[in-house]
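In each ligand, atom 1 is the first atom listed, and ligand 1 is the first ligand listed. Keep in mind the model is a prediction, meaning the values are calculated, not measured.
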Amino acid sequence: MEPARLSLNTATVRQRWTLRQCIEGCARHGIGGIAPWRDMLAACGVEEAARLIVGHGLTVTGLCRGGMFPAATAEGRRQAIDDNRRAIDEAAAIGAQCLVLVVGGLPEGSKDIAGARAQVRDGIAAVLDHARAAKVPLAIEPLHPMYAGDRSCVNTVAQANALCDELGAGVGIALDVYHVWWDPDLPAGIARAGRERLLAFHVCDWLVPTRDLLLDRGMMGDGVIDIAAIRAQVEAAGYDGLVEVEIFSRDHWWQEDPDGVLRTMIDRARTCV
Ligand code: ZN
């Protein structure tokens, strides 16, 4: 795969580069897209970021992230909804193809995962009209079940598809190989999602052993995920967007020179994606 088909999720180099440096780095390496995180977007300024992104001809494959809907109190849930509306506006301002939703885990003190899932559904429903009006699709990202407690109680593509069924137009899926590669129902879930719902495709690799639940993701080719096989399924379902590289790697890739990380990404995309 050529670099123009890749998108850089800014988390991959976030320890060393600002958003401006990420944008300029993508342009320098011929990478076609970018997916900023909101804190880096805020540090740059939304208008300035939009100007830089357009000026460098980059596609924005997503804004990371909205979500985190469940809360212990009605006030907490309301604040989450307000914050998601702001995230939708930011996504629209930078022309993002979607707002990625990491939907949230259990509210503090709760053991009610079914209740948390209902809060997620209600939270998305509460911001959906705003998202539709802004023309920003909401991309539910199923997260690996090890995050069900604290980050996302939506853990499979089947669950995400069911939410899409329930909520209707304007909601789709961000498929990240790191979270879903293990799922025996993945091929069926991708086929069912289809072109309409597949809003983003994220890649990295699952290292064996994995040393940290959050910050030990691998570069494509260094782990056990058959990324090419999943990409083939996604493309057979009609996805023709960019392939977003998203690597949280505190002890390895975050320590490297970002230009070298981008060169490695491009190299691995040619052979392992
Ligand atoms: Zn992701």
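- Here L242 is tied to no hydrophobic group at all, with no ILVMFWY side chain closer than 4.5 Å.
- In this structure a side-chain-to-backbone donor-acceptor pair under 3.5 Å is present from D205 to I225.
- For the side chain to side chain contact (heavy atoms under 4.5 Å, CB included) test, residues two or more places apart in sequence or in another chain that qualify with R121 are A118, L163, E166, L167.
- Counting only protein atoms, the N, O or S atoms lying less than 2.8 Å from the Zn ion (ligand 1) are E141 OE2, D176 OD2, H202 ND1, E246 OE1, ordered by chain and residue number.
- Below 30°, between 30° and 60°, or above 60°: for W181 and W206 the angle between ring planes is between 30° and 60°, a tilted geometry.
- Using a cutoff of 4.0 Å between basic side-chain nitrogens and carboxylate oxygens, D259 and R28 are scored as salt-bridged.
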For residues 106-117, please give each side-chain donor-acceptor pair under 3.5 Å, one per line with the distance, not counting sequence neighbours.
| residue | atom | partner | partner atom | Å |
| --- | --- | --- | --- | --- |
| S110 | OG | D112 | N | 2.9 |
| D112 | OD1 | A114 | N | 3.4 |
| D112 | OD1 | G115 | N | 2.7 |
| R117 | NE | C153 | O | 2.5 |
| R117 | NH2 | C153 | O | 3.0 |
| R117 | NH2 | N155 | OD1 | 3.1 |

